[in-house]
Protein chains: 2
Amino acid sequence: MTEKIIQMLRDRGCKITPQRRAIIQVLASFDKFPTAQEILDHIHQKDPDVGLDTVYRNLNLLISMGVINQISVPGKDLKVFELAHDKHHHHLVCLGCGEANCLNYCPIDDSEIQKSAGPGFKIVGHSLEIYGYCPKCRAAAR
Amino acid sequence: MTEKIIQMLRDRGCKITPQRRAIIQVLASFDKFPTAQEILDHIHQKDPDVGLDTVYRNLNLLISMGVINQISVPGKDLKVFELAHDKHHHHLVCLGCGEANCLNYCPIDDSEIQKSAGPGFKIVGHSLEIYGYCPKCRAAAR
DNA sequence: TTGTATGCAAATTGTTTGCAGTATA
DNA sequence: TATACTGCAAACAATTTGCATACAA
């Protein structure tokens with residue numbers, strides 16, 4: 001997985017720096033979808049000299065290449081990042097802790113939407129996020 | 001519509017100030033969903049002394065009362081506000097100009113999602129936004 | 001009169017940018 | 001060696017907050 005991305009970067013004429021490797025590595029191995037800050041914190045355990053700006057720069061690069069997606073957590077001005085899957089999917093987002101998980105369910109029918117939207121509107125995509133509380137946060141609430 | 005909201009504010013012990021009336025009025029009469037700044041600009045035509053902070057404070061108040069919703073435009077760090085409808089609906093968001101419109105279509109089946117999410121997750125709601133380009137922006141693109 | 005709301009300015013948060021030095025290819 | 005990348009610090013934009021004053025009830 002990480003090697004495939006590294007190769008894509010090479011093909012694009014990008015240089016492969018330790019920072020870049022580290023960022024991709026964290027995205028591939030984190031046990032949840034991390035925020036930019038969480039990626040940095042993790043990298044700092046090995047290399048405290050990496051800057052948050054480098055993380056953002058590379059996240060933006062990876063987004064522009066389409067290899068990662070960002071998911072926003074409502075009411076928290078917070079964005080988490082995930083390695084792009086092959087298959088279309090959506091997310092379950094916890095309003096308590098902000099954690100996001102994949103959900104393999106998509107009831108969206110583009111042609112149905114096109115009908116409601118009218119012919120002038122060019123549909124590019126959609127985002128569906130399910131909000132609620134994860135088991136951990138439900139337990140903590142009482 | 002605006003009177004109903006004013007009454008809700010009264011019931012809550014809030015004071016009815018000209019600024020508050022103006023904000024609600026703009027939300028009720030704007031021809032699209034405005035950003036905080038657009039609300040302010042509009043109010044400034046009549047009263048240039050209102051502050052943007054007042055707009056934000058009142059939008060937050062109205063959100064907490066559930067009478068307005070905010071819709072975020074991806075990739076633009078931009079939020080637009082709409083008076084809450086009675087009936088459940090979603091939005092068509094233009095990636096070009098950021099304008100949002102209602103879409104009376106919702107294929108989401110909560111019990112279906114609950115099945116995929118697992119029993120521990122408490123579903124509170126969902127957000128579905130359809131992204132694309134409105135007729136105006138499609139025309140401008142060429 | 002009393003407390004809530006406002007306006008101002010400063011603070012905050014998340015993110016981006018300019019620049020000079022550094023390191024990859 | 002040449003160019004893309006990095007770290008630093010400063011710049012930004014959107015939103016929030018502290019505080020003294022003003023105004024609705």
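Throughout, a chain's letter reflects where its sequence line sits, starting with A, and its residues are numbered from 1. Fair warning: this is a prediction, and the values are worked out from it, not measured in the lab.
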Quickly work out the B/Lys15 NZ to C/dG3 C1' distance and round it to whole Å. 5 Å
Rounded to whole Å, CG of B/Asp47 lies from C1' of C/dT6 at a distance of 11 Å
Would you say the side chains of B/Asp41 and B/Gln37 form a donor-acceptor pair under 3.5 Å? yes
For the residue pair B/Gln114 and B/Asp110, confirm or rule out a side-chain donor-acceptor distance under 3.5 Å. no
Does C/dG7 have OP1 or OP2 under 4.0 Å away from a side-chain N or O of B/Gln19? yes
Using atom CZ of B/Phe81 as one end and atom P of D/dA14 as the other, report the distance to the nearest whole Å. 12 Å
Locate the shortest heavy-atom distance separating B/Ile5 from B/Ile24; write the atom from each residue and the value. CG2-CD1, 3.7 Å
Using a cut-off of 4.0 Å on non-hydrogen atoms, how would the nucleic acid contact of B/Arg57 be classed: base, sugar-phosphate, or nothing? base
Mapping B/Arg10 and B/Ala36 onto DNA chain D by nearest heavy atom, which one lands closer to the 5' end? B/Ala36
Take atom CG of A/Leu9 and atom P of C/dA25, then tell me their distance rounded to the nearest Å. 11 Å
State which of D/dT16, C/dA5, C/dT15 makes the closest approach to the side chain of B/Thr17. C/dA5
N or O in side chain of A/Thr54 less than 4.0 angstrom from D/dG7 OP1/OP2: yes
Under 4.0 Å: is that the gap between some side-chain N or O of A/Asn58 and OP1 or OP2 of D/dC5? no
Whole angstrom value for the distance that separates C1' of D/dT3 from CZ of A/Arg20: 12 Å
Search all heavy atoms of A/Cys134 against all heavy atoms of A/Cys94 and return the closest pair with its distance. N-SG, 3.4 Å
B/Asp53 (side chain) and C/dA5 (base): donor-acceptor pair under 3.5 Å: no
Select from B/Leu52 and A/Cys14 the residue whose nearest nucleotide in DNA chain D is closer to the 5' end of that strand. A/Cys14
For A/Ile16 and D/dT6, what is the distance between atoms CD1 and C1' respectively, to the nearest whole Å? 15 Å
